[in-house]
Amino acid sequence: MNYRPVIGLEIHVELKTETKMFCSCSAAFGEEPNSSCCPVCLGLPGSLPVINRKALELGVKAARALNCTVEANSRFDRKNYFYPDLPKAYQISQYDIPLGHSGYLEVEPLTGKPIGIQRCHLEEEAGKLLHHGGSLLEAEYSLVDYNRAGIPLLEIVTAPDLISGDEAYCFLNELRLLLLYNRISDCRMEEGSLRCDANISLSPVNSNSWGNKVEIKNLNSFKAVKAALEFEAARQEEVLSRRGEVLQETRHWDENQRKTFSLRGKEEAADYRYFPEPDVPPLQLDGIWIQKVEDSLAETPAERRRRYREQYGLKEGEADLLVAHPSLADFFDRAAIKYKGYRQLFNWISGEITRIARQKNISPEVLDSGALVETLQLMDEGSINRGTARKVLEEALVEGKNPAELALDKGMEQITDTGALGELVDEVLRDNPRAVGDYLEGKKKAGNFLLGQVMSRTRGKADPSVVKEILEEQVHPRKR
Amino acid sequence: MEELYSLVDHLSNLSRIKLSSEEKDLIAGQLKDILGAAQKVQELDTGGVPPTTHVFYQWRTREDVPAESLPVEEVLRNVPERESSLVRVPRIKSLDE
């Protein structure tokens, strides 16, 4: 390839608040259309916006998590544009003094290359447009729901430090985990609480000059970001290779055709007539408060992976798997306080806990880690075998019962009394002289048959390895 | 003068208002006066004056606690066209149309 892609991302995340950015309307998803609106978010005359403290806190938290400088005297600006998703005909955003700037994010798979964060700023979300009949430009008419208008939004702009769709994908995954672990946003792309636009230009190898930049929109998943960037890099290279010109434009990713399309015709640079928002006084953030917010930051996903590897002895892939699923990782942490068999714990969480959560549609967040710990302890003591442990665990988690009681109640407790087992083994040996004979001649099948007989007489409550031992002991003396 | 007319065209385009050539003459004249007045103000030496964006610098925040919103019927009372509880708006045209 004679060209090197230069990629930057612009990410919007809805902040995890109960209410909107500037008014007390609910920010909940999925309410009846236009039922979470008030004079402030509709921009009715005489209403005045008041900043949501929690949104501000989450904004500062995100800024610090991204190693940004927090601007104590940041302020809001008014961005004017006419579009039916804005009831006020302007959006309160931040322009020249964003809340955070000049940061970076270390992405573990992209070692040794922190990705620059140019800025992150607070703004309000627009309403949701539903285009009736086809896409944006083909629609007959559109329907608007203003419930979303005014929900706090954080815009994060990266430096053009990424060089491939793969890198963009890795970056987005790490950013998502960072925001999830810090409870800044729930990052649900399917609900639109995380969205991403991508900018890409090609730069000739061995040159510092950049080609014209193309902005890609309508990216509905991280995989779409990767695929669209790969498509666009190839498209631009093809244009340049026949000495054509890449137009500076906005292109639309079509998920079905897996191509980008020019979205807009010739367009003048937008003129948003930004000016300081007169209704919201500038911020004067207190240094101590900023420090307090910073102190509440969760460990980064990278630190967490390291802890799982170094402190708990998990393998790299295991640590990655846990950290990629915050609710499982948190479950692991809760359980690891009381149970030191970390590998065993990991295996049960990635296996049984994941299965139960999925089958019963319960988030591991609300599953009781104590139930797993107690079940594993019962198994370690030899009171129950692995199969029984699975049953006990599931019932304990789903019904909220105590594992030890379950084991007793259900008669699930393993027979560990070797005397009682010895009698049973004796019985079986007496009843099956032919099998004993075969076994003594070295026929393995006969041994398994005898073992099965004993197990069935205990109704599966014995530990097979113990039964085997007793069998061996009792069969061989007969030989002599 | 030519600069002034291209500015009028730019503004007319941004505001989606078509202007006749007479109207353009009129607006260009008015714009000249307005810009002249702004120019006059800019002659002042404000080097030592910190920029003032607001009259009040006292800011406050509120707790993140939901309160009652308006009833849907109230929200939609002045909406010209609706479909159940959604606002119906004309199709969005591209700038070329």
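Chain letters run A, B, ... following the sequence lines, proteins first, then strands; residues in each count from 1. The figures that follow rest on heavy atoms only: side chains count, while hydrogens, waters and symmetry mates do not.
- Residue contact with chain B, scored on non-hydrogen atoms closer than 4.5 Å, involves the side chain of A:Tyr146 exclusively.
- Put simply, the side chain of B:Arg62 gets close to the backbone of A:Val50: a donor and an acceptor are under 3.5 Å apart.
- Within the 4.5 angstrom heavy-atom criterion, only backbone atoms of A:Cys23 (N, CA, C, O) approach chain B.
- For residues 69-87 of chain B, the interface with chain A (any heavy-atom pair closer than 4.5 Å) comprises B:Ser69, B:Leu70, B:Val72, B:Val75, B:Leu76, B:Glu83, B:Ser85, B:Leu86, B:Val87, sorted by residue number.
- Ranking A:Leu130, A:Asp145, A:Ile51 against chain B, the residue ahead of the rest is A:Ile51, based on heavy-atom pairs under 4.5 Å.
- The number of heavy-atom neighbours closer than 6.0 Å to NZ of A:Lys54, taken from other residues, nucleotides and ligands shown, is 12 or below.
- Residue A:Tyr95 qualifies as open at atom OH: its count of foreign heavy atoms under 6.0 Å is 12 or below.
- Of the N and O atoms on the side chains of B:Asp64 and A:Thr17, not one donor lies less than 3.5 Å from an acceptor on the other residue.
- The choice from A:Leu283, A:Leu44, A:Val40 that makes the most heavy-atom pairs within less than 4.5 Å of chain B is A:Leu283.
- Contact of the A:Gln284 side chain with the B:Trp59 side chain is registered, since non-hydrogen atoms from C-beta on lie closer than 4.5 Å.
- The contact between A:Glu277 and chain B is made entirely by backbone atoms, counting heavy-atom distances below 4.5 Å.
- Side-chain contact between A:Leu56 and B:Thr61: present, with at least one pair of heavy atoms (C-beta onward) separated by less than 4.5 Å.
- Interface remark: A:Leu143 contributes backbone and side-chain atoms alike to the contact with chain B (heavy atom separation under 4.5 Å).
- Of residues 19-46 of chain B, not one residue has a non-hydrogen atom less than 4.5 Å from any non-hydrogen atom of chain A.
- Put simply, the side chain of A:Tyr141 does not reach to within 4.5 Å of the side chain of B:Val89, judged on heavy atoms.
- The contact list for residues 47-54 of chain B toward chain A, using heavy atoms and a distance under 4.5 Å, reads B:Thr53, B:His54 by residue number.
- With a 4.5 angstrom heavy-atom cutoff, A:Arg273 does not touch chain B via any of its atoms.
- For A:Leu58, no part lies near chain B; criterion is any non-hydrogen pair under 4.5 Å.
- Looking at every heavy atom in both residues, A:Pro282 comes nearest to B:Tyr57 through CG-CE2, 3.5 Å.
- In this structure, chain B has no heavy atom under 4.5 Å from any part of A:Pro87.
- Counting heavy-atom neighbours within 6.0 Å of A:Leu48 CG, excluding the residue itself, gives a total above 12.
- Between chain B and the options A:Ser36, A:Cys37, A:Pro39, A:Cys25, heavy-atom pairs under 4.5 Å are most frequent for A:Cys37.
- Residues of residues 26-35 of chain A that come closer than 4.5 Å to chain B, counting heavy atoms only, are A:Ser26, A:Glu32, A:Pro33, A:Asn34, A:Ser35, ordered by residue number.
- Heavy atoms from other residues, nucleotides or ligands lying under 6.0 Å from NZ of A:Lys88 number more than 12.
- To the nearest 0.5 Å, atoms CD (B:Glu68) and SG (A:Cys38) are separated by 11.5 Å.
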